[in-house]
Amino acid sequence: MHDLRTLRESFDDIRERLGARGADVQWDSLRKLIEERRAMTGQVEQLRHELKKGSDDVARLKREKQPAEAAIAAMKAVGERIAQGEAGLRQVEEALNDLAFRIPNLPHATVPAGKDSGSNTEVRRVGTPPRFSIPAKSHWELGESLGILDFDRAAKIAGARFAVLTGAGARLERALINFMLDLHTMRHGYREVLPPFMVNRPAMTGTGQLPKFEEDLFRLADEDYFLIPTAEVPVTNLHRDEILSESQLPIRYTAYTPCFRREAGSYGKDTKGLIRLHQFNKVELVAFTTPEKSYAELERLTTHAEAVLQQLGLHYRVMLLCTGDLGFSSAKTYDLEVWLPSQNQYREISSCSNFEGFQARRAGIRYKGTGGKKDARTEFVHTLNGSGLAVGRTLLAIMENYQQPDGSIAIPEALQPYMGGMERITKEG
RNA sequence: GGAGAGGUGGCCGAGUGGCCGAAGGCGGCGGUUUGCUAAACCGUUGUAGGGGCUAAAACCUCUACCGAGGGUUCAAAUCCCUCCCUCUCCGCCA
């Protein structure tokens, strides 16, 4: 959500800077509605002022035992005009919000221009890919032959794009969750949160999933609740409609949740394996900070996500997304891409974004300076988040990168304490 | 699911139709006093939108907001309706 005043005052500038991102925004209607709203607001407020004064006159006349019929009649007429004006204003505001909520965020100046992921730029590459004497197997081949992944039965009980983990596979997933949470809470200073996995409509609107992306979400049939597509939604909305004290900032949360996504429009993509599922686990990092510090926070948060990959010994690269590949609410995003030997390519495993005030304006998350009167201005915070990491993709990356010639899987050292000292996953008897 | 109670400013808490944006207290901020701290005293203290002034603020002014949305009335925190949320008891469950 953009600030409407800024939008009005810098209309053409914003329109131009949004470029292709704003292609499906109805700019002309938008401009008209903004002006209409302004004019109508003035009119209605003027009338209300009249009514207020008139009513006070009635009160005074009655107190002085004087006839008030004429004044009452006049105010009745004013009241009717107000009702008309308000009805019109409501219509305009509804139409305006409908358009304004669909405008994506402005990219930060350091974001490269580009149409699609082809224009993303590589920032750095860390570690080295493992070498294999024989062609690397895919994680689904490894998993099914080890008996720790079961897609057939998942399809039976749920459908396509679901997975069942069993035995050491299930334990490895659980170990990863604990490992990541411990790292972020004990080493990186985040506070752990375990939020609801379904949320209401205002929460989804606050972080930008609604109204534009409802078809990507699972919604309950009998209640207006949505299954969360990421912990970003409940955790960012924790402070919805709050005014935080500047001394509380930055606030850093980490949360494990399952994530639910319809994956509408991705038919045929990544149909095998754990890459793209309707339900997956993720450990998320969320931060609230001041506008001055949010870009430093983005760098910091990104390194926290990278730390997971480094400790697990996985090779990855950091990509800076171009304007065309940026998410709807984001001003700047780094993707972390892990090396997958079976695919011979890098695949996204984390996405770290600074939303600046975009979500905060929608969700009403502000802060107030703690100094004297002059610093006490109330402003919108900047919100950030990043995966730290997508657990399922981490698991499959470990399977593929740590596979052994005999089909077993070595467990990275950092994870062994979380696996009861297990060093290797072998076929279970 | 059944029965009851309640939602007022950062917090507590008054207010049942007319200068109520809202008494009082606490907290916060500024100040006086003070060797320092505490106490005391004085002042100040919500958010949003529109307009004016401005380089921008400060500031001035209007409007809205007493859980949310409707309604009654010249006039609603106060009366009516619907919804949401919280609490207590019972039932049911993990």
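For clarity, every value in this text was computed on a predicted model and none was experimentally measured. Letters A, B, ... are given to chains in the order of the sequence lines, protein chains preceding strands, and every chain is numbered from 1.
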For [N] and [M], measure between their [atom1] atoms and round to the nearest Å.
N      : M      : atom1 : result
C42(B) : U33(B) : P     : 16 Å
G21(B) : G49(B) : C1'   : 16 Å
G9(B)  : A5(B)  : P     : 23 Å
G50(B) : A76(B) : P     : 24 Å
U61(B) : G18(B) : C1'   : 23 Å
A39(B) : G28(B) : P     : 9 Å
C53(B) : A38(B) : C1'   : 45 Å
G67(B) : G7(B)  : P     : 8 Å

Using purine N1 to pyrimidine N3 plus N6-O4 or O6-N4 for Watson-Crick, or N1-O2 and O6-N3 for G-U wobble, each under 3.5 Å, what pairs with [N]?
N      : value
U47(B) : A64(B)
G6(B)  : C85(B)
G35(B) : none
A58(B) : none
A22(B) : none
G1(B)  : C90(B)
G30(B) : C42(B)
A77(B) : none

Side-chain N,O ([X]) to OP1/OP2 ([N]) below 4.0 Å:
X        : N      : answer
Lys53(A) : C62(B) : no
His49(A) : C62(B) : no
Lys76(A) : A75(B) : no
Arg90(A) : G70(B) : yes

Nearest-Å distance, [atom1] ([X]) to [atom2] ([N])?
X         : N      : atom1 : atom2 : result
Ile82(A)  : G71(B) : CD1   : C1'   : 16 Å
Lys368(A) : G9(B)  : NZ    : P     : 15 Å
Glu379(A) : G46(B) : CD    : C1'   : 17 Å
Leu4(A)   : G50(B) : CG    : P     : 8 Å
Glu86(A)  : G71(B) : CD    : C1'   : 13 Å
Arg81(A)  : C74(B) : CZ    : C1'   : 15 Å
Leu61(A)  : C74(B) : CG    : P     : 15 Å
Glu93(A)  : G50(B) : CD    : C1'   : 12 Å

Which nucleotide wins on minimum distance to the side chain of [X], given the candidates [options]?
X         : options                : value
Ile243(A) : C74(B), U63(B), U47(B) : U47(B)
Arg37(A)  : G46(B), G49(B), C62(B) : G49(B)
Arg63(A)  : U63(B), G18(B), C74(B) : G18(B)
Arg48(A)  : A64(B), G50(B), C74(B) : A64(B)
Thr41(A)  : G50(B), G18(B), A48(B) : G50(B)
Glu45(A)  : G18(B), G50(B), U47(B) : G50(B)
Arg366(A) : A48(B), G50(B), G70(B) : A48(B)

Can the ring centres of [X] and [Y] be said to be less than 6.0 Å apart?
X         : Y         : answer
Phe288(A) : His239(A) : yes
Phe218(A) : Phe226(A) : no
His184(A) : Phe179(A) : no
Tyr367(A) : Phe380(A) : no
His304(A) : Tyr190(A) : yes

When all nucleic acid strands are considered with a 4.0 Å heavy-atom cut-off, which category describes Leu51(A): base, sugar-phosphate, or nothing? sugar-phosphate

Categorize Lys62(A) for me: base, sugar-phosphate, or nothing, with a 4.0 angstrom heavy-atom threshold over every strand shown. base

Is there a donor-acceptor contact under 3.5 Å from the side chain of Arg21(A) to the main chain of Ile103(A)?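 Not at all, since once roles are kept as given, no pair shorter than 3.5 Å links the two residues.
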
Quick one: does any side-chain atom of Asp325(A) pair with a main-chain N or O of Leu321(A) as donor and acceptor, under 3.5 Å? no

Give the minimum heavy-atom separation between Lys427(A) and Leu146(A), together with the two atoms involved.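 That would be N-CD2, 3.4 Å.
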
When you match Arg5(A) and Val58(A) each to their closest nucleotide on RNA chain B, which lands nearer the 5' end? Arg5(A)

